[in-house]
Amino acid sequence: MKLGWRHHVVRALGDGTVEPVQWDVPISGASPLLDLSGPGSFDGTITPEVMRLKDERGPLIVPWSSVVLSERDEQLKAVSLITDVSENGADLSLSGVSYVGYAAQPYTGTPFEGIKVDPLDQVRRMWDHLQGLKGGGSNLGVVIDDTTSPVRIGEEPRDVSFETGAGEQVEFETGPYVLARWKTDDMAKEIDSLAEQTPFDYLMEHKWKPNRNDGFESFLRIGYPKIGTRRTRPRFVVGENVTVRPQIQWDGDDYASDVLLQGAGEGREMRWARVAHVTGDRLRRCVVVSDKSITSGKAAESAAWAELDMRLGIEDITEITLVDHPNARFNTWGLGDEILIQTSQGWAQKLRLWVRVLAEKWDCDKDTVTLTVKRVEKVS
């Protein structure tokens, strides 16, 4: 079987299965994007006209029905639900999202009110609703992890009222966690909100079934509090397998050596914390951060340290482009993993930076991958 990148078109039947439309479709500029806790994307163009993808009715690729399967060396790397098709002369342009993006729909099931429920159970509840709608047509065959968390959301209904130190009257009502058609108009956004507050990570994975003609299996992986691990074996070095010199940033506007965090309350009764790093090569710079959701001194101190860690003003890299290389073969890391980037080029001499992989965008024509990353810490 031909290796390298290959793309296939199937049709989602809405009952958890797919049927082949055409294997080995020539898609140029194919660039599937896989991101951690996000909808992903796909872009590509079929040119010139491929007669086997047409009939008397027009193209056999139909938005919200067709799915592009992108594989590299027989490993299924991306599954993209096509959402837009446009014809421009002989070109047929395709764009889409990963299966995660299919959840961007309202919750229309029986209203749910939960007290002290696990947020991860609510992710499963939304996907079960989506894939089990009466009349069918929405079952993608996604299997959701049974991961749990110790976090609980939703409270017994009660009125809360208090007066701040400044004499301001504050009133609000606590209540259960609610999923309902009048409240949950986008389940994908609701899942993202839960992921940020809990916190947890999620990503969609796919693999071929033993008989490829039977399609593939799909899994929504959930990791509490995160997905990924620190990888020490792959070697990511500018000039070796990092083919494009990354842009290294020193953001002076965000730099601070001292953070004053102001939490809930007013005046002398305000919850607050101040933390600082001793600096030997820079002037002291203090910033004020306000977060009225913080209601204890301990929480304020924890948040202040987290803010300070993000404001050290040290070198930062947000994107790297890689080729498959003996030092770091593709598939030796994954979304959520922490990897070490090294460079001795440019202004940043002998830079060693741990970053977390947040997304990977493939250039199938060039067989390269561009990683979106976020700094974890500087390694001395």
Side-chain angles (χ1 to χ4, degrees), residues 36-38 116-123 147-155 160 162 164-166 168 170 172 174 177 190-202 222-230 249-280 282-318 335-339 353-358 373-380:
L36 186 67
S37 303
K116 297 192 180 303
V117 293
D118 188 340
L120 276 58
D121 286 338
Q122 311 322 306
V123 176
T147 312
T148 60
S149 82
V151 178
R152 295 295 179 265
I153 56 177
E155 300 181 17
V160 177
F162 62 90
T164 68
E168 178 184 1
V170 177
F172 61 92
T174 65
Y177 174 78
E190 180 64 17
I191 291 172
D192 286 345
S193 177
L194 292 174
E196 181 179 355
Q197 296 170 17
T198 304
F200 62 84
D201 290 333
Y202 65 86
I222 304 176
Y224 172 82
K226 66 178 184 177
I227 288 174
T229 187
R230 175 161 288 196
Q249 303 169 343
W250 295 266
D251 197 332
D253 288 339
D254 288 340
Y255 165 72
S257 60
D258 202 320
V259 170
L260 173 62
L261 189 136
Q262 298 177 338
E266 302 294 335
R268 294 180 180 273
E269 295 184 7
M270 178 188 294
R271 300 295 184 265
W272 68 279
R274 175 177 170 259
V275 299
H277 277 304
V278 176
T279 60
R282 301 194 193 197
L283 295 175
R284 171 185 178 271
R285 182 171 187 253
C286 184
V287 295
V288 178
V289 178
S290 179
D291 186 346
K292 294 301 181 180
S293 69
I294 294 176
T295 58
S296 72
K298 183 177 181 180
E301 183 176 0
S302 177
W305 278 115
E307 183 74 22
L308 187 60
D309 287 342
M310 295 300 297
R311 289 178 170 269
L312 295 181
I314 61 177
E315 300 93 335
D316 196 10
I317 293 175
T318 59
L335 293 177
D337 285 350
E338 297 175 4
I339 60 175
L353 196 67
W354 282 100
V355 297
R356 190 171 187 229
V357 181
L358 302 181
V373 297
K374 182 178 181 180
R375 176 177 60 83
V376 176
E377 61 180 331
K378 183 179 178 183
V379 180
S380 59

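Keep in mind the model is a prediction, meaning the values are calculated, not measured.
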Do Trp272 and Leu260 make a side-chain contact, defined as non-hydrogen atoms from C-beta onward lying under 4.5 Å apart? yes
Minimum heavy-atom separation for Ala303 to Ile294, with atom names? CB-CD1, 3.6 Å
So does Tyr202 get a backbone contact from the side chain of Ser37, meaning a donor-acceptor N/O pair under 3.5 Å? yes
Using the test salt bridge (charged side-chain N to carboxylate O under 4.0 Å, His left out), find all partners of Asp121 that sit at least two apart in sequence or belong to another chain. Arg124
Which residues pass the salt bridge (charged side-chain N to carboxylate O under 4.0 Å, His left out) test with Asp258, sequence neighbours left out? Arg274, Arg284
Are any of the side-chain heavy atoms of Tyr224 and Pro150 separated by less than 4.5 Å? yes
Under 6.0 Å from the NZ atom of Lys292, do we count more than 12 heavy atoms belonging to anything else shown? yes
Can you list everything that forms a side-chain contact (heavy atoms from CB on, under 4.5 Å) with Glu155? Sequence neighbours excluded, please. Arg158, Thr174
Indicate yes or no: at least one non-hydrogen side-chain atom of Gln197 is less than 4.5 angstrom from one of Ile153. no
Report the C-alpha separation of Val123 and Phe200 in whole Å, then their side-chain angles, then the decisive distance to 0.1 Å, and conclude whether the side-chain contact (heavy atoms from CB on, under 4.5 Å) test is met. CA-CA 11 Å; Val123 176; Phe200 62 84; 3.7 Å; yes
Taking only residues two or more places apart in sequence or in another chain, which ones pass salt bridge (charged side-chain N to carboxylate O under 4.0 Å, His left out) with Arg271? none
Between Arg285 and Leu283, is any pair of side-chain heavy atoms under 4.5 Å apart? no
With sequence neighbours left out, write down each residue that passes side-chain hydrogen bond (donor to acceptor under 3.5 Å, both in side chains) with Ser149, or none if nothing qualifies. Asp118
Residue set satisfying salt bridge (charged side-chain N to carboxylate O under 4.0 Å, His left out) with Lys116, at least two apart, ordered chain then number -> none
